[in-house]
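Right, one structure below, let's go through it.
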Amino acid sequence: MKYFLMETDEKNRIPYHINKNHVLDIRWLTREKIDRLPVWNVLEMDFPREGFFPDLICSPCIMMSEIFMKTVFMYERNIVYRAVKLWDKNSGINASYFLPVLEEADCISKETKFCSVGKRIQKLVLSRDKIGNRVVFRAEGMDENCIVGRMDFVESVLRRGIRGIVLKEVEIGI
């Protein structure tokens with residue numbers, strides 16, 4: 001089975017300075033601590049001219065549009081989440097997103113190649129045995145807030161017209 005790294009396409013004019021009012025403590029986005037967060041949160045952001053809201057935002061944390069989240073629910077029924085309203089105080093522009101707590105899998109293979117400086121990944125290889133039957137998850141040990149999706153999940157997301165994402169096929173090793 002093929003897997004893909006799913007990220008926000010940074011070439012688009014998307015919201016920035018998300019959570020500039022510091023309402024959300026990202027450290028609480030775990031299964032153990034999520035109960036400390038209100039069900040709905042209002043996060044201030046800046047919205048660029050001629051910008052748009054992508055269906056997946058990866059920074060400062062994973063945020064999914066309603067259609068993206070509904071697709072995740074089709075594959076992962078027991079996912080916990082909170083909701084946020086992104087709001088540009090100056091223009092009044094806003095959008096609703098979901099903050100899922102995705103399972104983290106320690107699945108980065110020894111075949112993964114890192115840059116000589118820092119922990120940036122040059123070539124990501126996942127271990128087939130450690131992925132198990134996961135459909136959508138985060139790869140533990142990655143600096144970036146991006147998700148990994150199995151091919152059937154990615155196809156399902158694309159059929160729903162998801163916008164503003166970049167897909168990169170991930171190699172699967174031993």
Side-chain angles (χ1 to χ4, degrees), residues 4-105 115 117-121 124 135-149 153-168:
F4 294 86
L5 199 59
M6 303 174 79
E7 301 175 279
T8 307
D9 187 352
E10 299 295 334
K11 294 176 186 167
N12 293 317
R13 298 181 54 84
I14 61 173
Y16 59 98
H17 296 140
I18 295 172
N19 198 25
K20 70 181 190 178
N21 56 343
H22 304 290
V23 168
L24 180 68
D25 188 342
I26 295 169
R27 297 173 297 178
W28 292 353
L29 288 173
T30 65
R31 283 191 177 275
E32 297 80 31
K33 297 178 183 178
I34 197 162
D35 291 333
R36 296 180 186 179
L37 291 173
V39 175
W40 273 97
N41 301 274
V42 177
L43 305 182
E44 285 186 36
M45 53 112 188
D46 291 320
F47 194 72
R49 278 189 185 176
E50 300 172 15
F52 89 105
F53 291 101
D55 289 297
L56 176 67
I57 297 177
C58 295
S59 180
C61 58
I62 302 293
M63 291 181 256
M64 298 177 179
S65 67
E66 182 178 3
I67 192 70
F68 201 108
M69 192 68 185
K70 283 181 178 180
T71 310
V72 170
F73 273 132
M74 291 170 52
Y75 292 87
E76 300 285 340
R77 296 213 182 267
N78 62 348
I79 196 163
V80 294
Y81 64 93
R82 289 296 183 257
V84 295
K85 174 76 73 177
L86 299 183
W87 176 56
D88 185 338
K89 194 175 194 176
N90 296 327
S91 67
I93 294 172
N94 64 76
S96 298
Y97 280 88
F98 295 91
L99 305 171
V101 177
L102 296 175
E103 185 177 357
E104 278 195 37
C115 290
V117 179
K119 288 175 55 178
R120 292 200 144 242
I121 295 176
L124 179 62
V135 177
V136 58
F137 58 93
R138 294 191 54 210
E140 188 177 308
M142 287 189 65
D143 285 347
E144 300 143 13
N145 271 332
C146 47
I147 61 176
V148 178
F153 169 75
V154 172
E155 288 174 341
S156 186
V157 165
L158 293 174
R159 276 194 303 273
R160 285 162 177 74
I162 298 300
R163 301 177 329 140
I165 65 169
V166 173
L167 299 172
K168 298 176 189 168

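Quick note: numbers below take in every heavy atom, side chains included, and nothing from hydrogens, waters or symmetry partners.
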Exercise for the section: Compare every heavy atom of G164 with every heavy atom of N12, then report the nearest pair and how far apart it is. Expected result: ND2-CA, 3.7 Å

Practice task
Looking only at non-hydrogen atoms, find the nearest pair between D46 and H17 and report the distance.
Solution key: OD2-ND1, 2.7 Å

For a 4.5 angstrom cut-off between non-hydrogen side-chain atoms, does [X] reach [Y]?
| X | Y | answer |
| --- | --- | --- |
| V148 | F137 | yes |
| I62 | L29 | no |
| E10 | V166 | no |
| S65 | P54 | no |
| M6 | V157 | yes |
| V72 | F153 | yes |
| I14 | I57 | no |
| L56 | I162 | no |

Are the side chain of [X] and the backbone N or O of [Y] linked by a donor-acceptor pair below 3.5 Å?
| X | Y | result |
| --- | --- | --- |
| R160 | F68 | no |
| N21 | E44 | yes |
| D25 | R27 | yes |
| N41 | V84 | no |
| N94 | G92 | yes |
| R31 | V101 | no |
| N19 | L24 | yes |

Exercise for the section: Hey, could you give me the CZ/CD distance between F73 and E66, rounded to the nearest 0.5 Å? Expected result: 10.5 Å

Handout entry: Gap between atom CG of D55 and atom OG1 of T8 - 0.5 Å precision
Key = 10.0 Å

Practice task
Could you tell me how the ring of F98 sits relative to the ring of W40: parallel (under 30°), tilted (30 to 60°) or perpendicular (over 60°)?
Solution key: tilted

Exercise for the section: Please say which of F53, Y16, F52 ends up in a ring pair (Phe, Tyr, Trp, His ring centres under 6.0 Å) with F47. Expected result: F53

Handout entry: Residue K89 excluded, over 12 heavy atoms near NZ under 6.0 Å
Key = no

Handout entry: Flag if over 12 foreign heavy atoms under 6.0 Å of OH, Y81
Key = no

Exercise for the section: Could you tell me whether D9 and K11 have a side-chain N and a carboxylate O separated by less than 4.0 Å? Expected result: no

